[in-house]
Structures are given as C-alpha cells and as structure tokens.
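For reference, the structure discussed in these notes is given below.
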Amino acid sequence: MGHLLLIDDDERLAALLARYFERFQLTMDSAVTPSDGLRKLRGHHYDMVILDVMLPEQDGFEVCKNIRKFSAVPIIMLTARGEVTDRVVGLELGADDYLAKPFEPRELVARIQNVLKRIVRTGTGGALLKYERLTIDTDTQLVSADGKDVAFSALEYQFLILLAQHPNKVFSRDEILNELKGIDADIYTRSVDILVSRVRQKIAPLELIKTVRGAGYCFTGKPL
C-alpha cells in the first residue's frame, strides 16, 4: 500500500492513473499546478511524488529542487522527451527515478514498487551506525554529519547505507547498480557518478567516500 501524489497538468492522465493504481493497492492524489502540489505535500504524508517536467508556473526540475528543500520523499520524474540530459538533471536535483512519456502504466507501477522497496531494504532493525563525525539512524533513516542533520532522498540514502555498512570494502559501479534498480541502462555509469557527487556534497566537509581508480568506491569512515 502506498499513498502517492501526482503533479501533472494532464487531468485525463491523473484520472486514468488513479483508477489503474487501485489494482495494486496504491492510492493517488493529484495536483495540476506546482503551487497546489507543494501545498498538498506540505500538508499531508505521501510515500512518493510523481512529477512531470513540463508544468505551468515552473518546470518540474525547479519543483524537484523546491521539494528537496524540505522533504526527502521519493520522486519519480516524467519526461516528455526522454532525453538523457533531462534525466541526468533530474537525478542531480535529487529525483530517485524517471520515466519517459508516453509510458505504459504497468511500467510506472514497477518503478514505484522498486523505489518503495528501496526504503524497506535499507532498514536494519533500528541500528545506530556511528562513525567519526557521522551518525546514521537506520530506524528513522536520519543522517547527521558534523552534528548537523542532513536530508537524503531514498536513492541517496540507499547508496550511503550500502557503503557505510561495509567500511573499506570497494564496490564497483556494477555492484552499486545491482542495488539501485529502476534506473534506465543508458545512463547507468553516469547515474552512479551523480549519486557519489550528491552524497559527498551533503556530508561535506567530511571526506568519507573514496574513489578507487579502476575499481569503484569505498567508505572510509571509522566505526565507533
């Protein structure tokens, strides 16, 4: 069961998806403008946002950026052109996945289920992982770096916890991608680099993710 918010000015699409999602025990609210979508997101709990790129008032990239200022809710972006550049921009801004229009509703459901499973998989029974200047609470999925709470998207959190649970182990891009299901193959390598950059920026000035040339990435934090 999941409660979704669709931000898309296509009201016909919203009605079709709402009915289709019921088959998979997914409920959906919708908003045709970014302002209405942001208002609903601030006032209610949603398990995921489905966000169109082409919107009135402001485009979906700007909306994604605004959402990330106050929420780590998973975001799937819908792109009309499906260009790699648009998809990369969405990932850089904190989206968890994307899907090009036109799409089959069943594929969107599969993407939704994959992202929601990430959140479940990252839990480790409420453990508190402590390293020098970094703490990860796997019960609440809160991360504290240098004493400051840091908001992570579901994808960013999954990437961080994967590395942090295995200090000094080198993960290749392929191994990382096996955990980050749902991303289209045409930017697989680029998407890992984007994730590394985003997570490094969020935990800066801590330098805990090391690039191992020709091999991949590893977490260098010392457990306490």
Side-chain angles (χ1 to χ4, degrees), residues 41 48-49 61-77 87-98 114-183 187-224:
L41 185 57
M48 181 178 298
V49 172
F61 298 129
E62 192 64 27
V63 178
C64 182
K65 187 187 301 183
N66 288 332
I67 290 174
R68 284 292 172 252
K69 291 178 181 178
F70 68 91
S71 174
V73 64
I75 298 173
I76 293 180
M77 298 196 74
R87 302 173 192 182
V88 169
V89 171
L91 290 170
E92 288 176 335
L93 293 174
D96 294 271
D97 201 357
Y98 55 82
N114 280 338
V115 173
L116 293 178
K117 285 177 183 176
R118 290 176 191 158
I119 301 172
V120 174
R121 287 206 311 269
T122 54
T124 57
L128 191 63
L129 307 179
K130 291 186 177 182
Y131 310 89
E132 290 182 336
R133 301 164 64 192
L134 181 76
T135 301
I136 304 172
D137 188 332
T138 62
D139 186 21
T140 61
Q141 297 192 4
L142 293 177
V143 179
S144 176
D146 246 0
K148 297 180 180 178
D149 291 340
V150 184
F152 284 84
S153 70
L155 192 62
E156 293 164 349
Y157 178 82
Q158 186 193 8
F159 171 74
L160 177 62
I161 202 74
L162 171 67
L163 268 64
Q165 288 179 323
H166 305 88
N168 299 313
K169 177 181 177 180
V170 178
F171 285 88
S172 70
R173 285 182 173 85
D174 287 342
E175 289 173 323
I176 293 169
L177 289 168
N178 284 335
E179 295 294 325
L180 307 182
K181 295 179 174 64
I183 300 176
I187 61 164
Y188 261 171
T189 300
R190 178 69 172 130
S191 66
V192 172
D193 295 338
I194 291 169
L195 277 176
V196 172
S197 176
R198 274 166 34 191
V199 173
R200 280 175 170 163
Q201 289 176 6
K202 289 191 173 185
I203 64 175
L206 305 185
E207 298 180 356
L208 300 178
I209 300 177
K210 177 183 177 182
T211 300
V212 181
R213 174 170 280 187
Y217 301 97
C218 72
F219 183 82
T220 59
K222 296 180 180 179
L224 297 180

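Note that this is a predicted model, so its numbers are computed, not measured. Throughout, residue positions are numbered sequentially from 1 according to the sequence presented.
- The local environment of NZ in K202 is crowded, with over 12 non-hydrogen atoms from other residues, nucleotides or ligands closer than 6.0 Å.
- Distance check, rounded to the nearest 0.5 Å: CD1 of I136 to OH of Y157 gives 6.5 Å.
- Under a 3.5 Å cut-off, the side chain of R200 and the backbone N or O of L195 do not form any donor-acceptor pair.
- With sequence neighbours excluded, the residues forming a side chain to side chain contact (heavy atoms under 4.5 Å, CB included) with S172 are D174, E175, listed by chain and number.
- When all heavy atoms are compared, the tightest approach of A95 to M77 is CB-CG, 3.7 Å.
- Here the CD-CZ distance, from Q158 to F152, works out to 13.5 Å after rounding to the nearest 0.5 Å.
- The side chain to side chain donor-acceptor pair (under 3.5 Å) check on T135 picks up nothing, with sequence neighbours excluded.
- Checking side-chain atoms of D137 against main-chain N and O of L142 turns up no donor-acceptor pair under 3.5 Å.
- We find the CD1-CD1 distance between I75 and I67 to be 4.0 Å, quoted to the nearest 0.5 Å.
- In this structure K169 satisfies the salt bridge (Lys or Arg N to Asp or Glu O under 4.0 Å) test with no other residue, sequence neighbours excluded.
- Paired with L163 under the rule side chain to side chain contact (heavy atoms under 4.5 Å, CB included), one option of N168, V199, I209 passes, and it is I209.
- Scanning both residues, D96 and V73, for their nearest heavy atoms gives OD2-O, 4.2 Å.
- Considering CD of E156 and CD1 of I203, their distance stands at 11.0 Å, rounded to 0.5 Å.
- In this view, E62 and K65 satisfy the salt bridge (Lys or Arg N to Asp or Glu O under 4.0 Å) rule, not counting sequence neighbours.
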Report, one line per pair, each donor and acceptor closer than 3.5 Å where one atom sits in a side chain of residues 213-224; sequence neighbours left out.
residue	atom	partner	partner atom	Å
Y217	OH	R173	NH2	3.3
Y217	OH	D193	OD1	2.9
T220	OG1	L208	O	3.2

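- The backbone N or O of P167 sits nowhere less than 3.5 Å from a side-chain atom of Y131 that would complete a donor-acceptor pair.
- Pairs of residues two or more places apart, or lying in two chains, that qualify as salt bridge (Lys or Arg N to Asp or Glu O under 4.0 Å) and include a residue from residues 140-151 are R133-D146.
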